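Bear in mind the structure is a predicted one, so any value in this text is a computation, not a measurement. Note: hydrogens, waters and symmetry copies are ignored here, and every other heavy atom, side chains too, is used.
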Amino acid sequence: GQKAVEKLHEEIIEELQPAVDTNDIDEIVDALNDTIVIAVGELTKLGIKPNPLPTKLSPELALEQSTLAKLVERLTIFREAVESNIPPIMINALHDIIIVSAEGLLELKYQPTLTLKQVVKTISSREQDPIQAAAWATGNRQPGEKWKKNPNQDPSTLYEADFSTCKFK
């Protein structure tokens, strides 16, 4: 719902937009993948199985709009559907966000399934803040509380995504 709108807004507007402006390809790839992860997570919460990621660009999709503009448009549709509580439109918008993000990766000559695996490895290598973990273990999780990274995690245990291994040959 509303939290997903906020997370997607942060990813698209606050992370993807600056990366596009500076043409930082790794940050663009990372932000597009994070957007996919958020949208897939929201679909899963709604009990909807996400469609498979595209493996090639759809010829019927006109490329006159930039990937960023398409994502902002879909985010607006998603936000309005959440505010109006219209689940079918929410679900369609989330599917569209995933497709547009994956097609953005394809346009950059990256394989979406491989880049997503790199992001999952990165996320999986993170440890939860021990104070928060202890609180959550006893059922003391506050509504809407975000998962916190362990600020003292040994940096050598963190996986750093290597998107260079995900390019089409």
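- Cluster membership for Ile89 and Ile97, using ILVMFWY side-chain heavy atoms within less than 4.5 angstrom, is not shared.
- Geometrically, Lys109 does not engage Phe168 in a cation-pi contact, judged by NZ or CZ lying under 6.0 Å from the ring centre and within 45° of the ring axis.
- Within a 6.0 Å radius of NZ in Lys117, other residues, nucleotides and ligands contribute 12 heavy atoms or fewer.
- Going from atom CG of Asp24 over to atom OG1 of Thr22 covers 5.0 Å, rounded to the nearest 0.5 Å.
- Within the 4.5 Å cutoff, side-chain heavy atoms of Leu105 are placed close to those of Asn33.
- Judged by distance alone, with hydrogens and angles left aside, the side-chain atoms of Glu42 form no donor-acceptor pair with the main-chain N or O of Val37 at under 3.5 Å.
- Put simply, the side chain of Gln128 never gets that close to the backbone of Lys149: no donor and acceptor are under 3.5 Å apart.
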- Item | side chain to side chain contact (heavy atoms under 4.5 Å, CB included) between Glu103 and Thr67, intermediate numbers included | CA-CA 8 Å; Glu103 289 189 336; Thr67 298; over 6 Å; no

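- Atom CD in Gln111 sits 9.0 Å away from atom CG in Leu106 (nearest 0.5 Å).
- Hydrophobic clustering, with ILVMFWY side chains joined whenever heavy atoms are under 4.5 angstrom apart, groups Ile38 together with Ile123.
- Under the 4.5 Å side-chain heavy-atom criterion for grouping Ile, Leu, Val, Met, Phe, Trp and Tyr, Leu114 is not connected to Val29 through any hydrophobic cluster.
- Of all heavy-atom pairs spanning Ile99 and Pro52, the tightest one is CD1-O, 4.4 Å.
- Distance check, rounded to the nearest 0.5 Å: CD1 of Ile28 to CD of Gln17 gives 10.0 Å.
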- Task: Please lay out, stage by stage, how Arg74 and Val100 fare under the test side chain to side chain contact (heavy atoms under 4.5 Å, CB included).
- Result: CA-CA 9 Å; Arg74 274 33 172 232; Val100 171; 4.1 Å; yes

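- For the pair His95 and Pro50, the tightest heavy-atom approach, listed with the atom from each and the gap, is CE1-CA, 3.7 Å.
- Between Glu10 atom CD and Asp34 atom CG the span is 9.5 Å, to the nearest 0.5 Å.
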- Message: If you apply the rule side chain to side chain donor-acceptor pair (under 3.5 Å), what do you find for Thr138 with Asn140, and how did you get there?
- Response: CA-CA 6 Å; Thr138 61; Asn140 190 15; 5.3 Å; no

- Message: Show, in sequence, the C-alpha distance, side-chain angles and deciding distance for Thr115 and Leu32, and conclude whether the side chain to side chain contact (heavy atoms under 4.5 Å, CB included) test is met.
- Response: CA-CA 9 Å; Thr115 58; Leu32 288 172; over 6 Å; no

- Task: Go through the steps to decide whether Tyr110 and Ile25 satisfy the test side chain to side chain contact (heavy atoms under 4.5 Å, CB included), and finish with yes or no.
- Result: CA-CA 10 Å; Tyr110 286 87; Ile25 299 299; 3.4 Å; yes

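- Between the Gln118 side chain and the Asp162 main chain, a donor and an acceptor come within less than 3.5 Å of each other.
- In this structure, Leu75 and His9 approach most closely via the heavy-atom pair CD2-CA, 3.7 Å.
- Not one N or O on the side chain of Asp30 forms a donor-acceptor pair closer than 3.5 Å with the backbone of Asp26.
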- Given the rule in the side chain to side chain donor-acceptor pair (under 3.5 Å) test, do Thr157 and Gln153 qualify, once you have shown the distances and angles that lead to the verdict? CA-CA 7 Å; Thr157 64; Gln153 182 174 351; 2.9 Å; yes

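- At a threshold of 4.5 Å between non-hydrogen side-chain atoms, the residues Pro130 and Asn150 count as touching.
- In this structure, Ser125 contributes its side chain and Tyr159 its backbone to a donor-acceptor pair below 3.5 Å.
- Put simply, Ile77 and Ile12 are part of two different groups of oily side chains (I, L, V, M, F, W, Y) that touch within less than 4.5 Å, one to the next.
- Rounded to the nearest 0.5 Å, atoms CD1 (Ile36) and CG (Leu116) are 5.5 Å apart.
- When side chains are defined from C-beta on, Leu43 counts as touching Ile98, because their heavy atoms get closer than 4.5 Å.
- Cluster membership for Trp147 and Val119, using ILVMFWY side-chain heavy atoms within less than 4.5 angstrom, is not shared.
- Ser84 places no side-chain N or O within donor-acceptor distance of the main-chain N or O of Ala81, the cut-off being under 3.5 Å.
- With rounding to the nearest 0.5 Å, the separation of CG in Asp96 from CG in Asn51 is 10.0 Å.
- For the residue pair Ala102 and Pro112, the shortest heavy atom distance occurs at O-CG, 3.6 Å.
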